[in-house]
Amino acid sequence: MNFGDILNQWASQEKKANSQKKQQQVSHKKANAPTAEEKAAMKQGYTPEQIMQQDAQRTINPMELWLRRYGTIDKDAIAAAYEEQHRMESREYLRTMPPEARIDLHGMTRDEAWSRLEQFTTDCKRRGLKKILIVHGKGNHSHGSDPVLGPLVRTFIERCKDLGSSGHPDARGGGSGATWVIIK
């Protein structure tokens, strides 16, 4: 027997297995309802017990049985998920990534800003975001000598257990009038 004969024999076995698969398609009937094959066998005079015995005598390819039992593992998807998780844990990546959400606190009082920050950070944590931007302004229009919202935001970040490292973006992102925060 040469290699060509072996390939032909293998191809014929695969065709036979594929034709059996097509015949064993799942029906959307009731669980106890007989299949078309069973109905045809009953018309020929077979009893349900005889049909069950014939089903039990069918053989299955061992590889097919193993795949049905254990399934397959997509190693590429696992590797990609690991890379993504590892990258998200990298501090440098988190610092350079763009913010995924932003809130603007301009024109709010201390109490309004504090409650909005609580709602916003809770919502971002629930949505699984990693980096947010809080725009609080530089304090140019504050009444009095000191800005109000900048120190408030700093205090909020220090007290909130869900927030991690923070910093100011470059001038295009708001400069000292905005603060980015990493969510733990």
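The figures that follow rest on heavy atoms only: side chains count, while hydrogens, waters and symmetry mates do not. The chain is numbered in sequence order, starting from 1.
Rounding to the nearest 0.5 Å places OG of Ser165 at 11.5 Å from CD1 of Ile183. Atom CZ of Phe120 sits about 9.0 Å away from atom CG of Leu105, to the nearest 0.5 Å. One finds the CD atom of Gln13 at 5.0 Å from the CD atom of Gln9 (value rounded to the nearest 0.5 Å). Here CG of Asp5 is found 15.5 Å from CH2 of Trp10. Values are rounded to the nearest 0.5 Å.
For the pair Thr179 and His168, the tightest heavy-atom approach, listed with the atom from each and the gap, is OG1-CE1, 3.5 Å. Shortest non-hydrogen contact noted between Val153 and Leu117 is CG2-CD1, 4.2 Å. Between Ala101 and Cys124, the shortest heavy-atom contact is CB-SG, 4.0 Å.
A distance-only check finds a donor-acceptor pair linking the side chain of Lys131 to the backbone of Met97 [under 3.5 Å]. With hydrogens and angles disregarded, no donor-acceptor distance shorter than 3.5 Å links the side chain of Gln85 to the backbone of Tyr82.
Within the structure, side chain to side chain donor-acceptor pair (under 3.5 Å) contacts touching residues 148-161 (residues at least two apart or in different chains) do not occur. Sorted by first then second residue, the salt bridge (Lys or Arg N to Asp or Glu O under 4.0 Å) pairs that include residues 103-125, not counting sequence neighbours, are Asp123-Arg126, Asp123-Arg127.
A 4.5 Å side-chain heavy-atom check between Ile134 and Arg102 finds every atom pair outside the cut-off. Considering only heavy atoms from C-beta on, Leu152 comes within 4.5 Å of Trp114 through its side chain. For the pair Ile132 and Ile103, the minimum side-chain heavy-atom distance is 4.5 Å or more. Proximity of Ser166 to Ile182: side-chain heavy atoms (C-beta onward) are nowhere separated by under 4.5 Å.
Two different hydrophobic clusters hold Leu65 and Leu67 under the rule that ILVMFWY side chains link at heavy-atom gaps under 4.5 Å.
Ile73 CD1: 12 or fewer foreign heavy atoms inside a 6.0 Å radius.
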